[in-house]
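Here's the structure we're looking at; comments come further down.
Within every chain, numbering begins at 1; the chains are lettered A, B, ... in the order of the sequence lines, protein sequences first and strands thereafter.
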There are 2 protein chains.
Amino acid sequence: MTETDRHLMLPIHEQISEALRTRIRSGDLPVGSRLPTETALMSQFGVARGTVRRALRTLNEQGIVQTLQGKGTYVRSGRPEPSIAQTLVGLSESLSYSEKSLTTTVLQQQIIPASGISRFPTPLEPAEQLLSLDRIRFLDGVPVARLKNWVRLQLAPGIDRTDFATTALFTALDSAATGQVSSGRRTFEAVLPGGDIAQSLGISTTTPLLFLTQVTYLDDGTVIEWSDVWMDSHHVTVAMNLTR
Amino acid sequence: MTETDRHLMLPIHEQISEALRTRIRSGDLPVGSRLPTETALMSQFGVARGTVRRALRTLNEQGIVQTLQGKGTYVRSGRPEPSIAQTLVGLSESLSYSEKSLTTTVLQQQIIPASGISRFPTPLEPAEQLLSLDRIRFLDGVPVARLKNWVRLQLAPGIDRTDFATTALFTALDSAATGQVSSGRRTFEAVLPGGDIAQSLGISTTTPLLFLTQVTYLDDGTVIEWSDVWMDSHHVTVAMNLTR
DNA sequence: CAGTGGTCTAGACCACCGG
DNA sequence: CGGTGGTCTAGACCACTGC
C-alpha cells in the first residue's frame, strides 16, 4: 500500500454505508423497500456482521434508513438529506455524504482585533485577536453557501496556520482548541442577501436564503467560535431527525 | 429467574450506562474527569469490550460523556437547556418558551381523501381519509406562522373531533394515535411565499419566509402526519442546542 | 415455526495520543 | 514507546416479527 492509498483508505463500514447510500440514491433500493438482511450484506460485502451493523448504524443516524427488530432495515421516505442540525458538526461534515463533490474557496483569512468587528456573542477585550474567515462552499462547482467564521485565537492558538481550503474548521478547532469543543447553538432565519453575498453565490438579491448563526462553546462554557452562514435552499437543505 | 425478573431485566449495556450515569451524577466522576478505560470497565463489570463500548456509545449520544481516540472518555459539563428543535415537539411547545402570548386560528379543518392532495411523504390509497388542517399562529396578535397539517385518520381515529384552536396537534396525536408517536424529520428552507400565504401573514410576496416541512412517524415506522409550515423570521426564529 | 435484528463474547490488529 | 480508543472477525444465544 502506498502512502497515498493509506490516506484515501476509508474504514470498511464507511465504504459499505456509502455503497448502500449510492444504491438508495440510484433507485436500486427505492423508498420503503427493505434492505438485504444483515446476513445477506455480510456475504455481499464479505465482512462480519458487526461491520455490517456498524454501517447500518450510520445510515440510521443519518435518517436514511430505519431498522426494526424482527422485521428488517427499510429505506426511509423523503430524499436523503444530511442531518445537519442534530449534532454539532461543521457544514462540510453535514454535506459530505452527498453524492456531489464539496469544495471550498477561502475568500479571506486573517487575524483581526476584536475591535474590528461589531457583533460578538460574548464580551471581548477590544485588543483580543480573532481569526476571521470568509469562505464559499461549492457543490459540484456551484456555489451553495457563504460562511463567515470568527475564532478566538487565544483559545485555539495556531489555528490561523490551517489551510481552510482543505481542512474543515471543526477539525482544526478540535486539534487547536485549548479545551474540548462540546456544544453549540444554532438559529435559523430566512433572509434576503446583501449585495456581496448574492454576488458570491451567483444569485439575485431577491432570492431568499437560509441564514444560520452559530455559536460554539468549549466545555467550560467559553465561546470559542461563532459564525454566520448563508445557504441557497435551491441547492442545500437543512434536515434533522427528531426523537421523542 | 421469575417471570417478573425477566420483565425487569435490562440489557447489560444499559445497566452499565445507567451505573456510569449514577456515578457521574453523584460526583464520583466529576465534570472533566476521565472515565476508567474500556479495559478497566470490562473487568469492573465483568463483560466484553463490545458491551462496554455499547454502553459508552449511549452516553456519548446523550451528550453526557465525550470519547476521544487515543485519550479516553471524559465527563462533559452540564447540559444546556432543552432545545427547541432537537426533540420532537410541536411548534406551539417550541414557541411557548417565549413570554409572548400564542394564539391559533383554524382556517380550515376537514376530512379529505388522499386523492385530494398532491404531495405525500408515503404511498397512500387514493381513498384513504386524511384530516386536513390549516392554521395561523399569532404571537401577541401578530400573525407569525401558517401551518398546514395532514393526519392519516385511520392511524389516529377520532382526532378530527379535536378543537385545534385550543389543543396542540401533538397533544391530540398522542392520545388518538394507534401507536406511539416516536420520531420525526424536519427540513428547513428559505422561500418566497405564495399569494395566499403572504396574505394570511400580512406580508408581501417578496418577504422571505422560513419554510419547514415535517414528517412524523409512529414507532413502527409508519407515517402518521406531515406538515408544511411557513414562518416569518422577523417575528420567530428557530433555535436549537447542539452537543457533540 | 423460520427469519429477522439485538445482544454479547473473546479474541486480533491498527491509528492515535502523550510522555 | 506504552496506553488509549477504532475497527474487525467469527462465533453464540436471545427477542421479536410474521406466516
side-chain N/O A:K71 vs D:dC16 OP1/OP2, d < 4.0 Å: no

Distance, rounded to the nearest Å, where A:L10 contributes CG and C:dA15 contributes C1': 14 Å

Distance in angstrom units between A:R54 CZ and D:dT9 C1', rounded: 16 Å

A:I12 or A:G70, whichever maps to the more 5' nucleotide of DNA chain D: A:I12

A:H13 NE2 to C:dA15 P, straight-line distance once rounded to whole Å: 14 Å

Polar side-chain atom of B:Q154 near backbone of B:Q129 as donor-acceptor pair, under 3.5 Å: no

B:A48 side chain, from C-beta outward: closest of C:dG6, C:dA10, C:dT4: C:dA10

Integer-rounded Å distance: D:dT7 P and B:R57 CZ: 12 Å

Toward the 5' end of DNA chain D, by each residue's nearest nucleotide, A:Q69 or B:L56: B:L56

Between D:dC8 (P) and B:R53 (CZ): distance, integer Å: 11 Å

Which atom of B:I112 lies closest to which atom of B:S132, heavy atoms considered: CD1-CB, 3.8 Å

Phosphate-side-chain proximity, B:T51 and C:dT7, N/O vs OP1/OP2 below 4.0 Å: no

Atom pair distance, as rounded to whole Å: CZ in B:R49 and P in C:dT7: 19 Å

Within 6.0 angstrom of A:Q108 CD, more than 12 heavy atoms from elsewhere: yes

Nearest-angstrom distance from the residue atom CE of A:M42 to C1' of C:dG3: 15 Å

Within-4.5 Å side-chain heavy-atom neighbours: B:L133 and B:L147: no

Nucleotide D:dG6, atom P - distance to CD of B:E38 in whole Å: 6 Å

